[in-house]
Amino acid sequence: MLLKELLRDLEIEGLKGSDELSIEATTYDSRKVVNNSLFICIEGFKTDGHLYIKDAIKNGAVAVIVQKDIDIEGVTVVKVKNTRKAMAIIANDFYHRPSGTLALIGVTGTNGKTSTTYMIKKILEASGRKPGLIGTISNWIGDEKIDADRTTPESLDLQKLFRKMLENEIDSCVMEVSSHSLELQRVEKCNFQVGVFTNLTPDHLDFHPTIIDYRNAKKKLFHKTELYNIINVDDEHGRIIIDEINSLKTPILTFGVNNKADISAKNIVMTMKTVSFDMITPKYKGKIELNIPGLFTVYNALAAIAVTYAMGIEFKYIKEGLECMKGIAGRLEAVEEFKDFAVIIDYAHTPDALENVLKSVRGFVENKLITVFGCGGDRDRSKRAVMGEIAGKYSDLTIITSDNPRSEEPMQILTMIEDGISRTAGKYHVIKDRKEAISFALKSAQKGDIILIAGKGHETYQVINNNVFEFDDKKVALEVAREEGLL
Ligand SMILES: CC(=O)N[C@H]1[C@@H](OP(=O)(O)OP(=O)(O)OC[C@H]2O[C@@H](n3ccc(=O)[nH]c3=O)[C@H](O)[C@@H]2O)O[C@H](CO)[C@@H](O)[C@@H]1O[C@H](C)C(=O)N[C@@H](C)C(=O)N[C@H](CCC(=O)O)C(=O)O
């Protein structure tokens, strides 16, 4: 594409050099620049892309987009007010506006995004559509699995994925839309058909100054949708969002259990491994039986039902799609090999998610509930003591351990969690090494106990001192159990 075609929709503050150049690739990382690239300089949280222009030129960049005054020869320099916003516009044009052709569904909220997107995907598949998926665990183009670095990719990576989906005859895409992505303009030029709000509880308050800023970031999704905005009416922030977006053209569809909602569930029955309920929509009613436990599963399913109902999908496909699901890796995943006691792996890494999971499993504990968890380093510190308090309140025994301390001293994080748990009557141990912590929990378990290993879920790594080590809770639990003869 010619550079001038990519600049067409930008508000340009200055242009030095020719805009008649042919651009063969675009990137925001100088290390990924190839011949005839356009390099977009992003001011980051750790460093600044403007510092790498010389590297980019060496690697083959012929043009750069900047938001600072840069005096450099040998490339065309285009100055804009905000390079992240410019990147989203360029990405959309470079990949020929793919999201206009895909039926795009965005799911935002603190918890439940991943499960909800997988449920929507299953229902769409049951109805004969070919959906793609973008999210925390991985991205999917049909049956092709692509590793995900982030929940919501940068705009250039995102539009590239959309284009690849179209090339593979994918007709719809369900994606997790993180508050970071909405704030950092990653989804700026996406045409969403449907937007979903699952819930909001304190998280990422290292990134968003207040919970209201966090909510306002999420709310941006509902200004980008065309067909429906789907909101959890049982969530207090959901109700505020409904009030605030009521005047938009896009109609709202609500879902919930406790408040009057367009899509609701009655007669909820839960077991350790399943949940069933009577689904009620304005057009049809019917029983849904899911092989995934927990009240939050009902909310995720209602969100998925609301989306597919809004898209005109028949009830039989909704039922078929939801009921064929076997569970999602790292989401309340029971490790089948354990027989005397249960070992459950879950991704819960926010206070609210931890409380929900603990409440769910508490109801099925025959003997003791043992929880193994920690909190991430270099992230929202305010949740550490709160999570300690929650673990202490619902567990008979808690093992506080490391969960991606990143650049922080692990014991510093564990002490902050301990502050919270020590306010409860819950017994606890502090074991810095996560493998040792899991081993201690397994050796302490007796018949009828449930061990919840929370925080990492599907993740397969542990970041300590900023070094990444392979670590998979499920594999480690099995390895330790074999070593100790517990299987
Ligand atoms: C806080 C945040 O969003 N950070 C994003 C940000 O990183 P950063 O500001 O630290 O980037 P940086 O390292 O300072 O680099 C600045 C720029 O210089 C460039 N650079 C750097 C070095 C070099 O040699 N050459 C070069 O060109 C980088 O490519 C980048 O464009 O810009 C980077 C490039 O655009 C992103 O990859 C990075 O996401 C990181 C991976 C991240 O972890 N983000 C998390 C917080 C995030 O977005 N999470 C949400 C999910 C939240 C949830 O759980 O709901 C998500 O959507 O994933």
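As the structure lists them, so they are numbered: ligands from 1, and atoms in each ligand from 1.
In this structure, the side chains of Lys435 and Phe471 come closer than 4.5 Å at one or more pairs of heavy atoms. You'll find the side chain of Asn36 stays beyond 4.5 Å of the side chain of Ile23, heavy atoms only.
A cation-pi arrangement is absent between Arg362 and Tyr394 under the rule of less than 6.0 angstrom and at most 45 degrees off the ring axis.
Every protein residue with a heavy atom nearer than 4.0 Å to ligand 1 is included here: Tyr28, Asp29, Ser30, Arg31, Phe39, Ile42, Gly44, Phe45, Lys46, Thr47, Gly49, Tyr52, Arg84, Lys113, Arg150, Thr151, Thr152, Glu154, Ser178, His180, Leu184, Arg186, His204.
Electrostatic pairing of Glu154 and Arg84 counts as a salt bridge here, judged by a charged N lying under 4.0 Å from a carboxylate O.
Counting only residues at least two apart or in different chains, salt bridge (charged side-chain N to carboxylate O under 4.0 Å, His left out) contacts with residues 32-55 comprise Glu43-Lys68, Asp48-Lys68.
More than 12 heavy atoms of other residues, nucleotides or ligands shown are found within 6.0 angstrom of CD1 on Ile72.
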